[in-house]
Amino acid sequence: MDGFFLNVLNNRCWHNVTLAPMNSPVLIACAHGTRNAEGQAAIRRVMAEIETLRPGLRVVEAYVDVQEPELGGVVESLPDGTAAVVVPLLLSTGFHIKVDVPKAIKSRPEVVAARPLGPDPRLAELLATHLRAAGLQENDGVLLAAAGSSLPDGSVDSEEQGRLLGELLPNKVRVAYGASAQPTVPDGVASLRAELAADGGTGRVFIASYLLATGYFHDQLAKAGADVVAAPLLPSPVLAEIALERYDAVLERLS
């Protein structure tokens with residue numbers, strides 16, 4: 001156990017630590033991938049926190065883009081007959097969930113996929129916490145900025161996450177996308193600013209970064225014309241807790 005694990009155990013109060021039963025399926029933690037070193041470290045910390053919450057569970061990292069090891073190669077490297085659950089460390093049902101993950105596991109019936117991390121009320125709570133920490137006031141507007149997907153399901157999930165966030169805040173909450181869906185984040189910022197002005201308000205436009213970590217898409221948010229960009233979701237142990245719930249839900253379904 002390296003220094004990170006010791007620090008986690010010594011400095012955090014983990015309420016959901018559960019020893020993995022023997023012969024538990026492998027958990028393949030599958031992230032998008034990024035060239036940003038800080039983003040890479042944040043995702044690997046989630047994987048480490050999963051292992052901390054479930055001692056004895058084998059957690060294997062994989063990616064659908066940019067980084068190695070690639071998901072298909074990870075699945076192929078498993079010994080024949082090894083049960084595994086791919087847990088997407090992704091926030092919405094989009095192309096990677098609908099196409100890349102099924103393609104990677106189609107020849108291995110003992111490998112199944114869980115649903116993505118979002119939408120989830122706990123993510124809404126985390127987003128609200130970051131917005132308040134960034135100085136959000138009641139007269140400000142909030143734009144939930146998601147990565148975006150070329151498939152309609154990705155927008156459905158993001159809209160639901162926006163609805164969950166709106167239930168926690170008195171502010172106007174709208175949704176926009178970094179790529180592949182409309183409205184774009186700059187257009188969303190401009191539209192929300194106009195909406196606030198039309199209502200006679202003088203509030204600012206805050207971007208809620210519905211992204212796991214820093215990287216290309218988060219960096220682009222600073223150029224979208226908002227007054228404030230809140231922090232992305234990580235670091236937070238909530239993501240590891242949700243990932244394990246997605247894993248457990250698959251096991252319960254198959255039992």
Enquirer: Between the main-chain N or O of Ala208 and the side-chain N or O of His130, is there a donor-acceptor pair closer than 3.5 Å?
Expert: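 Here the side-chain-to-backbone pair does not exist.
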Enquirer: Run the side chain to side chain contact (heavy atoms under 4.5 Å, CB included) test on Leu131 and Leu165 for me, step by step, so that the C-alpha distance in whole Å, both residues' side-chain angles and the decisive distance to 0.1 Å come before the verdict.
Expert: CA-CA 11 Å; Leu131 287 164; Leu165 178 60; 4.2 Å; yes
Enquirer: Can you see which heavy atom on Gly162 is nearest to which on Val173, and at what distance?
Expert: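 Heavy atoms only, the tightest pair is O-CG1, 3.7 Å.
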Enquirer: Do Leu233 and Leu144 sit in one hydrophobic cluster, given that two such residues count as connected whenever their side-chain heavy atoms are within less than 4.5 Å of each other, even indirectly?
Expert: yes
Enquirer: Are Val59 and Ile105 grouped together when hydrophobic residues (ILVMFWY) are joined by side-chain heavy atoms under 4.5 angstrom apart?
Expert: no
Enquirer: From Tyr177 OH over to Tyr210 OH, what is the distance, rounded to the nearest 0.5 angstrom?
Expert: 10.0 Å
Enquirer: Report the C-alpha distance between Glu241 and Asp120 in whole Å, list the side-chain angles of each, state the deciding distance to 0.1 Å, and finish with yes or no for side chain to side chain contact (heavy atoms under 4.5 Å, CB included).
Expert: CA-CA 12 Å; Glu241 293 169 1; Asp120 191 280; over 6 Å; no
Enquirer: Hey, is Arg163 close enough to Glu159 for a salt bridge, meaning N to O under 4.0 Å?
Expert: no
Enquirer: Side chains of His218 and Glu38: does their closest heavy-atom pair fall under 4.5 Å?
Expert: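 When only atoms from C-beta onward are counted, Glu38 and His218 do not touch, as no gap falls below 4.5 Å.
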Enquirer: Would you confirm whether Asp219, through its side chain, and Thr214, through its main-chain N or O, come within 3.5 Å as a donor-acceptor pair?
Expert: no
Enquirer: Are any side-chain N or O atoms of Ser92 and backbone N or O atoms of Gly94, one a donor and one an acceptor, separated by less than 3.5 Å?
Expert: no
Enquirer: Which pair of non-hydrogen atoms, one from Gly39 and one from Ala213, has the smallest distance, and what is that distance?
Expert: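 Closest approach of Gly39 to Ala213: CA-CB, 3.8 Å.
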Enquirer: Hey, does Thr34 have a side-chain heavy atom less than 4.5 Å from the side chain of Gln67?
Expert: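 Side-chain contact under 4.5 Å: yes.
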Enquirer: Take Leu91 and Gln161 through the side chain to side chain contact (heavy atoms under 4.5 Å, CB included) test and state the conclusion after the steps.
Expert: CA-CA 9 Å; Leu91 296 172; Gln161 191 64 62; over 6 Å; no
Enquirer: Atom NZ in Lys98, atom OG in Ser150: separation rounded to 0.5 Å?
Expert: 12.0 Å
Enquirer: Can you tell me how far NZ of Lys223 sits from CD of Gln220, rounded to the nearest 0.5 angstrom?
Expert: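 Separation between the atoms: 4.0 Å.
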Enquirer: Are any non-hydrogen side-chain atoms of Asp100 and Phe95 less than 4.5 angstrom apart?
Expert: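 Yes; the side chains approach each other to less than 4.5 Å.
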Enquirer: I need the single residue from Leu244, Val86, Val85 that forms a side-chain contact (heavy atoms from CB on, under 4.5 Å) with Leu27. Which is it?
Expert: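 Only match with Leu27 under side-chain contact (heavy atoms from CB on, under 4.5 Å): Leu244.
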Enquirer: So, Ser158 side chain and Ser155 main chain: donor-acceptor pair closer than 3.5 Å or not?
Expert: no
Enquirer: Applying a strict under-4.5 Å side-chain criterion to I, L, V, M, F, W and Y, I'd like to know whether Leu71 and Met47 cluster together.
Expert: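 Looking at the clustering, Met47 is in a separate group from Leu71.
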Enquirer: Can you tell me how far the OG1 atom of Thr82 sits from the CD1 atom of Ile28, to the nearest 0.5 Å?
Expert: 9.5 Å
Enquirer: Write down the atom of Thr18, the atom of Pro55, and the distance for their closest heavy-atom approach.
Expert: O-CD, 3.4 Å
Enquirer: Does some side-chain heavy atom of Tyr63 sit less than 4.5 Å from a side-chain heavy atom of Pro69?
Expert: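 Yes, at least one pair of side-chain atoms sits under 4.5 Å.
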Enquirer: One thing to verify: whether Arg115 and Asp157 come together as a salt bridge, which I'm taking to mean a side-chain N less than 4.0 angstrom from a carboxylate O.
Expert: no
Enquirer: For Leu168 and Arg132, which heavy atoms make the closest approach, and how far apart are they?
Expert: O-NH2, 3.3 Å
Enquirer: Give me the atom names and distance for the closest heavy-atom approach of Leu192 to Gly141.
Expert: CD2-C, 3.7 Å
Enquirer: Is the closest side-chain heavy-atom distance between Arg193 and Asp227 below 4.5 Å?
Expert: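 The answer is yes; the side chains approach within 4.5 Å.
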Enquirer: Look at the side-chain heavy atoms of Ile, Leu, Val, Met, Phe, Trp and Tyr, link any pair under 4.5 Å apart, and say whether Leu126 and Ile43 land in one connected group.
Expert: yes
Enquirer: With a 4.5 Å cut-off on side-chain heavy atoms, are Leu211 and Leu221 touching?
Expert: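 Yes. Closest side-chain heavy atoms under 4.5 Å.
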Enquirer: So does Glu195 have more than 12 non-hydrogen atoms from other groups sitting under 6.0 Å from CD?
Expert: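 It does: Glu195 CD has more than 12 such atoms within range.
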Enquirer: Are Leu117 and Leu89 close enough that some pair of their side-chain heavy atoms sits under 4.5 Å apart?
Expert: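 Contact flag for Leu117/Leu89 side chains = yes.
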Enquirer: Could you measure the distance from the CZ atom of Arg122 to the CD1 atom of Ile242? Nearest 0.5 Å is fine.
Expert: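 Taking CZ in Arg122 and CD1 in Ile242, the distance rounds to 4.5 Å.
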Enquirer: Measure across Ala181 and Ser149 and return the closest heavy-atom pair with its distance rounded to 0.1 Å.
Expert: CB-O, 3.8 Å
Enquirer: Mind running side chain to side chain contact (heavy atoms under 4.5 Å, CB included) on Arg108 and Leu78 for me, showing each step along the way?
Expert: CA-CA 10 Å; Arg108 299 292 292 269; Leu78 294 174; 3.8 Å; yes
Enquirer: State whether the side chain of Tyr247 and the backbone N or O of Pro25 hold a donor-acceptor pair below 3.5 Å, judged by distance alone.
Expert: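 Indeed, once roles are kept as given, a pair shorter than 3.5 Å links the two residues.
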Enquirer: Rounded to the nearest 0.5 Å, how far does NE2 of His32 lie from CG of Leu212?
Expert: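 Result: 11.0 Å between the selected atoms.
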Enquirer: Same cluster or not: are Leu143 and Val175 linked, directly or through other Ile, Leu, Val, Met, Phe, Trp or Tyr residues, by side-chain heavy atoms under 4.5 angstrom apart?
Expert: no
Enquirer: Should His96 and Leu90 count as side-chain neighbours, where that means a heavy-atom distance under 4.5 Å?
Expert: yes
Enquirer: Kindly say whether Asn139 contributes a backbone atom to a donor-acceptor pair with the side chain of Gln137 at under 3.5 angstrom?
Expert: no
Enquirer: State whether the number of non-hydrogen atoms from other residues, nucleotides or ligands found under 6.0 Å of Arg58 atom CZ is greater than 12.
Expert: no
Enquirer: If we ignore hydrogens and angles and just use 3.5 Å, is the side chain of Asp140 paired with the main-chain N or O of Arg204 as donor and acceptor?
Expert: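 Yes; judged by distance alone, with no hydrogens or angles, the pair exists.
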